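Below: one structure, written as structure tokens.
Letters A, B, ... are given to chains in the order of the sequence lines, protein chains preceding strands, and every chain is numbered from 1. This structure is a prediction, so every number in the text was calculated from the model and none was measured.
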Number of protein chains: 2
Amino acid sequence: MTSYHSEREFLDHYNSDEYGRVSVTADVLVFSVSNEEPDNYYPFKDMWCLPGGFVASDEHLDDCPKRILKNETNLTNIYLEQLYTFGHVNRDPRMRIVSTAYLSLVNKNLLSQSVSENSEWFNLGETQADGVTTITLTGSKTEFEFSVAKTAQDKNHFQYSYQITENKHLAFDHALVIAMGIDRLRNKIGYSDIVFHMMPQLFTLGELQQVYETILNKSLLTPSFRRIIANKVEKTEQIQKGKGHRPSVLFRYKSKNEQSTDF
Amino acid sequence: MTSYHSEREFLDHYNSDEYGRVSVTADVLVFSVSNEEPDNYYPFKDMWCLPGGFVASDEHLDDCPKRILKNETNLTNIYLEQLYTFGHVNRDPRMRIVSTAYLSLVNKNLLSQSVSENSEWFNLGETQADGVTTITLTGSKTEFEFSVAKTAQDKNHFQYSYQITENKHLAFDHALVIAMGIDRLRNKIGYSDIVFHMMPQLFTLGELQQVYETILNKSLLTPSFRRIIANKVEKTEQIQKGKGHRPSVLFRYKSKNEQSTDF
DNA sequence: CTAATAGTGTCTATTAGACAGTATGTT
DNA sequence: AACATACTGTCTAATAGACACTATTAG
């Protein structure tokens, strides 16, 4: 900790001009899981980028992604969490920008809402090989892919760094944002109730399991899965019929204060 | 995703002047565990703050905390990870600043190194009551405390927000930084090898357990503890004697590629 | 010998994985 | 009846908690 003994000394500390100008932006990555398209995300000149924009001087950093999302998708009141702040010197060739990326999750029913004319939802595919993740994005007219290597920064695997190994179509370091967003979601699904932001009010356990399987990119055993999510969900009186097989009970998310610790 | 169809449109997006000026700083929170002082961290006009400074326009955001740490403590090559980016409009009364906080871990042997004359190491104590964490900082001449409430932002406990409920001595939102840093360390110790950044090259398992107990703020059962860390550490030929009891074997950290997955 | 911490063995409780089985709709 | 998915029971494997026990030094 540091203390300041004089006004002069304190103000010196705040002479930012000598360091030159740095601008701040926020970028938003939106994920959703739907039936037709296994994984989605919401994404430069003739290139693509995640929606983003400059933080206004009278705007809370966390409000910036909300504003962007409202402008681009007309979605309000949706889940947002800070993902990471990127500050490479040359990440933007035009000017020095530090950008905070946000991860957003929406349920598939909200995907049908209009996005702005220059924007589009992309389908996301992922393959892994030798520590290199190749991500394929499929839009209505375009399809492109990029690769990101996740490498240990030191021999002890303390810190991982993400590096873009192949990318032709995504601006800035948005390939990193996407790769980190996938990892964050995949990790967090295991120790939080974050997944329910991607679910509608009522859902079947089969649907919920499919969302888990899509995100984790592997199949799960039903009995184990049901045990794990058992006290996060609650049966309703409603039933989903007409699917050519035994109908399934519709469940709703049970908020944490209702979840029992015993049985 | 968004695409840009014209140069004009793209550049419009980059007209940052209309939003006014926002500056970027980095703050560093340093933790260490030593015998004499259970937990340490490295910390305004007549108030205290974490060491911090403006990001230079030709400096990588991640390099800024390294520079600050070198200036303040002369420590180089130590563990740093990004903690969170704070962007409240009025977090600094003088000017609009967005600040990225970094968490740093050092082993106790490095604590003896000199810190700059205005800086000091503080001992950290923590008590919990009704979701409110009260943190006590004890320096060589001063002692003060502050309280932070960790509350669920929605009924579903999806998102937590940290709020300062009592604080007289810490500048900006540095009370939040400290509370979040503790939580991060406490969580991450369970699923990563991060703790070994706080250990010297050679250590006894008793010492390692004490570090865990200090960070987790609870006592652990020795056999269980040893099972958990068993394949993260490796016996050496060296033994620590002269402690008035059975001497203990000195261990070293075994990096991840050496850790066996079977037995 | 005592105090004090080092270090191990083992029983039990809890949780996760695996798979077989039953239930109930649509066509 | 055939099919397809919903849903449950239960054995087994792996892991975590608890506690008793032995080991080895300083003084």
Interatomic distance, [X] [atom1] vs [N] [atom2] [rounded to whole Å]:
X	N	atom1	atom2	answer
B/Q209	D/dG17	CD	P	13 Å
B/N231	D/dA14	CG	P	15 Å
A/L208	D/dC7	CG	P	12 Å
A/L221	D/dT12	CG	P	17 Å
A/L216	C/dA16	CG	P	14 Å
B/I228	D/dA18	CD1	P	12 Å

If a pair satisfies ring pair (Phe, Tyr, Trp, His ring centres under 6.0 Å) and one of its residues is in residues 232-252 of chain A, list it, with sequence neighbours excluded.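 Passing the test, one end in residues 232-252 of chain A: no pairs.
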Within residues 233-241 of chain B: residues closer than 4.0 Å to DNA chain D (heavy atoms):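 Nucleic-acid contacts, sorted: none.
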Produce a footprint string for nucleotides 1-6 of chain D: one letter per nucleotide, 5' end first; B if the base is under 4.0 Å from any protein heavy atom, S if only the sugar-phosphate is, - if neither. ---BBB
What does the B/S/- profile of nucleotides 9-14 of chain C look like, 5' to 3', with a 4.0 Å heavy-atom cutoff to protein? BB----
Relative to the ring of B/H197, is the ring of B/Y79 parallel (under 30°), tilted (30 to 60°) or perpendicular (over 60°)?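 If you compare the ring of B/Y79 with that of B/H197, the planes turn out parallel.
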Give me the atom names and distance for the closest heavy-atom approach of B/E72 to B/P51.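 Result for this residue pair: CG-CB, 3.8 Å.
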Can you run through DNA chain D from 5' to 3' and write each base as (, ), [, ], | or . depending on how it pairs? Watson-Crick or G-U wobble, both distances under 3.5 Å. |||||||||||||||||||||||||||
Pairs involving residues 122-142 of chain A, ordered by first then second residue, that meet salt bridge (Lys or Arg N to Asp or Glu O under 4.0 Å) (sequence neighbours left out):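 Found A/E126-A/R186.
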